[in-house]
Structures are given as C-alpha cells and as structure tokens.
Amino acid sequence: MQVRKIRQDTKLITDKPKMVFACNHYPVLMSTVENLDAFFNRVHIIPFDNIVPKEEQIEGYADMLFREEGEGILLWMLEGYRRFLANGKKFTISKCIVKAQDEYRNSYRLPDLFVKEAIKFSPDKKVFTSELTEHLKEFCEYNDIKYRPEYLEAVRRILHTRGIANKKIRKGKKTKQGFDGIKLQEYEEDWTEGDSILDF
C-alpha cells in the first residue's frame with residue numbers, strides 16, 4: 001500500500017495490519033467446516049469473563065480511569081507493544097486464549113459433525129426440537145465439550161440448508177416444534193467408539 005504524509009513523498013508500506021474486534025458473541029461465519037482452518041489459524045480469542053454485578057458497576061468508569069490512570073495505562077500499552085515487536089509481531093498465547101479458540105472452533109466443527117454422525121435423513125421420520133436438543137447435549141458430553149445454545153442454532157442452520165426446516169410437526173398425539181425428514185442415531189449402536197470424534 002502506498003501512503004503519504006502531508007507535504008511528504010509517498011512510500012510503500014508492506015506491513016500487515018492486526019485487526020481487533022470487541023464482541024459480545026463470537027462472529028457467525030458464513031462458511032463450512034472444511035475451509036475454516038485458515039481463518040482459525042489466524043484468529044486469537046481473548047476472553048473477558050469477569051462479570052461485574054450491576055450494583056457494583058461504576059458509571060463513567062472508563063473516563064475515570066483515563067483521568068486518574070491515563071499515563072500508567074499508556075506506559076502499559078507501550079510495554080505491551082515492545083513485547084509484541086520483540087515476539088516477531090505476534091501476540092503471546094496463553095492457556096485461556098487456547099481454550100477460547102477451541103470453543104469457537106468447536107462451535108463450527110461440532111454441529112457439522114453432529115449432523116453427520118448423529119442424524120440420518122429419512123423422509124418418513126420426525127424429531128421434536130426438544131429431542132434433538134437432548135441428543136445434542138449427549139453428543140457434547142460424549143466429546144467432552146460443554147454444551148452451548150449456539151450449537152443448536154448452528155445445527156438448525158445446517159439442516160435448513162439441507163431443506164429441513166424447524167417448524168410445528170405432529171408426532172403421535174403431540175404437536176410441537178420439530179424437524180420433518182430426519183431421525184436420530186442411537187448413541188450405543190451408531191456413534192464412534194473410543195476417543196472424541198473431534199480429536200483429528
């Protein structure tokens with residue numbers, strides 16, 4: 001990229017930028033498991049897990065910190081930048097970052113694998129959403145993954161792309177939300193034996 005400061009000659013910048021996003025939820029990626037590895041190899045999730053109760057929150061806390069500790073925060077940032085440069089312009093990776101990245105990656109890998117391993121497409125079968133949810137929770141437990149509601153939403157999206165919509169269905173004498181055209185594979189008979197199917 002060519003850049004130019006005011007009243008100065010242009011110069012070529014070959015450095016690559018680092019983008020930082022502050023999010024309440026993981027970004028939803030419109031892609032498939034097979035071609036997401038390149039993305040996940042370049043992203044670092046830095047979790048902020050400390051939730052301050054509403055009664056303990058301080059209004060205008062960011063402004064207060066800037067007024068009272070601004071110089072110290074700036075020095076802290078500069079020290080971090082020196083470490084960043086010394087580390088070859090790479091962020092330091094910690095255990096909590098690795099754990100968060102694994103959770104994010106699994107949020108895409110696990111639902112896709114669940115559909116492949118634990119669901120069979122069968123035109124004459126029906127499954128209530130509550131049944132699928134319990135089956136998904138068992139699948140997570142089997143693979144030592146903590147269940148997250150996002151997994152169910154991802155499964156819904158995958159099934160929708162296969163023409164299986166989440167709608168009201170009648171099964172026996174009950175009418176509830178569910179899926180028409182699939183059945184659940186039984187854990188004991190059909191699921192992979194041994195190590196977690198995510199270990200590859």
Side-chain angles (χ1 to χ4, degrees), residues 15-58 61-62 64-66 69 72-119 129 132-161 166 187 191-192 194-200:
D15 204 1
K16 297 179 181 179
K18 305 289 184 183
M19 294 183 288
V20 179
F21 301 92
C23 308
N24 289 327
H25 305 283
Y26 293 144
V28 175
L29 307 178
M30 304 306 293
S31 188
T32 60
V33 171
E34 288 76 11
N35 59 15
L36 284 175
D37 282 345
F39 170 81
F40 286 118
N41 289 338
R42 291 167 172 79
V43 67
H44 299 309
I45 307 296
I46 304 175
F48 290 83
D49 297 328
N50 183 38
I51 300 176
V52 179
K54 188 173 182 179
E55 61 274 12
E56 297 180 18
Q57 294 177 12
I58 302 175
Y61 188 57
M64 185 185 75
L65 280 178
F66 182 76
E69 304 290 346
I73 293 173
L74 177 59
L75 291 174
W76 185 34
M77 292 170 61
L78 291 174
E79 176 58 30
Y81 184 61
R82 292 191 196 99
R83 289 174 52 197
F84 176 71
L85 293 177
N87 198 35
K89 295 185 178 180
K90 295 180 180 179
F91 291 109
T92 303
I93 305 301
S94 66
K95 290 182 179 180
C96 68
I97 290 177
V98 172
K99 181 181 178 182
Q101 287 177 196
D102 286 344
E103 287 182 356
Y104 188 24
R105 185 189 293 262
N106 287 336
S107 71
Y108 283 87
R109 296 177 65 202
L110 186 139
D112 186 79
L113 290 169
F114 175 75
V115 172
K116 291 178 180 177
E117 299 284 333
I119 289 178
T129 303
L132 185 139
T133 302
E134 288 305 311
H135 209 55
L136 178 56
K137 288 179 179 179
E138 289 180 8
F139 190 80
C140 291
E141 183 178 357
Y142 179 76
N143 288 283
D144 296 321
I145 300 292
K146 182 179 178 181
Y147 171 79
R148 299 168 65 95
E150 292 93 328
Y151 297 164
L152 178 61
E153 292 305 314
V155 170
R156 280 197 180 106
R157 289 197 302 269
I158 294 171
L159 292 176
H160 184 75
T161 63
N166 190 198
Y187 173 92
W191 287 6
T192 306
D195 295 335
S196 165
I197 61 173
L198 294 178
D199 295 334
F200 61 84

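What you see below is based on every heavy atom in this structure, not just the backbone, and it leaves out hydrogens, waters and symmetry mates. Nothing here was measured: the structure is a model prediction, and the numbers come from that model. Numbering starts at 1 and runs along the sequence shown.
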**Message:** Between Ile45 and Ile97, is the side chain to side chain contact (heavy atoms under 4.5 Å, CB included) condition met? List the steps.
**Reply:** CA-CA 6 Å; Ile45 307 296; Ile97 290 177; 5.5 Å; no
**Prompt:** Under 4.5 Å between any side-chain heavy atoms of Thr133 and Tyr147, yes or no?
**Reply:** yes
**Asked** Between Tyr151 and Lys146, what is the shortest heavy-atom contact and its length?
**Response** CE1-O, 3.4 Å
**Fill in**
Taken to the nearest 0.5 Å, the spacing of Cys96 SG from Gln101 CD works out to 9.5 Å
**Prompt:** If you measure from NZ on Lys116 to CD1 on Ile158, what distance do you get to the nearest 0.5 Å?
**Reply:** 8.5 Å
**Asked** Heavy atoms, side chains only, cut-off 4.5 Å: are Thr129 and Arg156 in contact?
**Response** yes
**Complete:** One should read off an interatomic distance between Asn166 CG and His160 NE2, to the nearest 0.5 angstrom, of 10.5 Å
**Request:** Calculate, to the nearest 0.5 Å, the distance between atoms SG and NE2 belonging to Cys140 and His135 respectively.
**Result:** 11.5 Å
**Prompt:** Roughly how far, to the nearest 0.5 Å, is the CZ atom of Phe114 from the CD1 atom of Ile145?
**Reply:** 14.0 Å
**Message:** Taking CD in Glu141 as the centre, count heavy atoms belonging to other residues, nucleotides or ligands within less than 6.0 Å. Is the count above 12?
**Reply:** no
**Asked** Closest approach of Gln57 and Val52, non-hydrogen atoms and distance?
**Response** NE2-O, 3.0 Å
**Request:** List the atom of Ile46, the atom of Phe48, and the distance in Å for their closest heavy-atom pair.
**Result:** O-CD1, 3.3 Å
**Message:** Is it true that, when you exclude Phe84 itself, more than 12 heavy atoms of the residues, nucleotides or ligands shown sit nearer than 6.0 Å to its CZ?
**Reply:** yes
**Message:** Run Leu132 and Leu159 through side chain to side chain contact (heavy atoms under 4.5 Å, CB included) and show every step you take.
**Reply:** CA-CA 12 Å; Leu132 185 139; Leu159 292 176; 4.2 Å; yes
**Asked** Is any side-chain heavy atom of Leu136 less than 4.5 Å from a side-chain heavy atom of Leu110?
**Response** yes
**Item:** Within-4.5 Å side-chain heavy-atom neighbours: Lys95 and Lys99
**Value:** no
**Asked** How far does OG1 of Thr92 sit from NZ of Lys90, to the nearest 0.5 angstrom?
**Response** 11.5 Å
**Message:** If I compare all heavy atoms of Leu65 with all of Ile73, which pair ends up nearest, and what's the gap?
**Reply:** O-CD1, 4.2 Å
